[in-house]
Amino acid sequence: MLFHVEMTVNLPHDMAPAQADQLKAREKEIAQGLQRDGVWRHLWRIAGRYANVSIFDVTDNAALHDTLMTLPLFPYMDIVVRPLCRHGSSIREDDR
Ligand SMILES: O=C(O)C[C@H]1C=CC(=O)O1
């Protein structure tokens with residue numbers, strides 16, 4: 001199943017820069033692993049915001065939840081999830 005996921009990161013203003021850098025580095029490592037595995041299909045920065053729009057490809061809602069919970073920044077993100085289904089007019093072969 002495909003999901004449109006919007007993540008907004010809200011790091012506490014008083015978080016030590018070293019802790020923030022460590023969280024971001026671990027997040028990047030996990031995000032890149034999920035992309036290599038084909039789970040995190042698209043990752044786009046929303047211009048001007050510490051937020052992204054992503055497409056995840058997972059088996060079901062629970063799998064998406066479990067995946068998102070593995071992200072080191074999860075406790076600091078507001079996440080909006082929209083389940084997707086194929087559009088009847090789409091000519092793409094890779095969005096099933
Ligand atoms: O930067 C973000 O949007 C948050 C998160 C998503 C991927 C990643 O490396 O960090």
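No hydrogens, no waters, no symmetry mates; every other heavy atom, side chains included, goes into these values. The first residue in the sequence is number 1, and the count goes up from there. As the structure lists them, so they are numbered: ligands from 1, and atoms in each ligand from 1.
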Any side-chain donor near an acceptor of the partner, S54 and W40, under 3.5 Å: yes
Shortest protein heavy-atom distance from atom 6 (C) of ligand 1, along with the residue and atom involved: N52 ND2, 3.5 Å
Nearest non-hydrogen protein atom, atom 7 (C) of ligand 1: W40 CH2, 3.8 Å
Ligand 1 contacted by M7 (non-hydrogen, < 4.0 Å): no
H4 side chain reached by F56 side chain, heavy atoms, under 4.5 Å: no
Student check: side-chain heavy atoms of V5 and L64 closer than 4.5 Å: yes
Within reach of ligand 1, part of W44 (heavy-atom separation under 4.0 Å): neither
Which segment of L71 sits under 4.0 Å of ligand 1 when only heavy atoms are counted: neither
Intermediate values then yes/no, salt bridge (Lys or Arg N to Asp or Glu O under 4.0 Å), R49 and E6: CA-CA 12 Å; R49 291 176 50 197; E6 183 174 326; 3.4 Å; yes
Considering only heavy atoms of [X], which atoms of ligand 1 have at least one such atom less than 4.0 Å away?
| X | answer |
| --- | --- |
| Y50 | 1 (O), 2 (C) |
| V9 | 4 (C) |
| K28 | 9 (O) |

Contact summary for G38 and D57, nearest pair of heavy atoms: O-CB, 3.8 Å
Minimum-distance pair of heavy atoms, taken over all atoms of F3 and N61: CZ-OD1, 3.4 Å
K24, E27, R45, Q32: member with heavy atom nearest to atom 1 (O) of ligand 1: R45
R45 side chain vs Y50 backbone, donor-acceptor pair below 3.5 Å: no
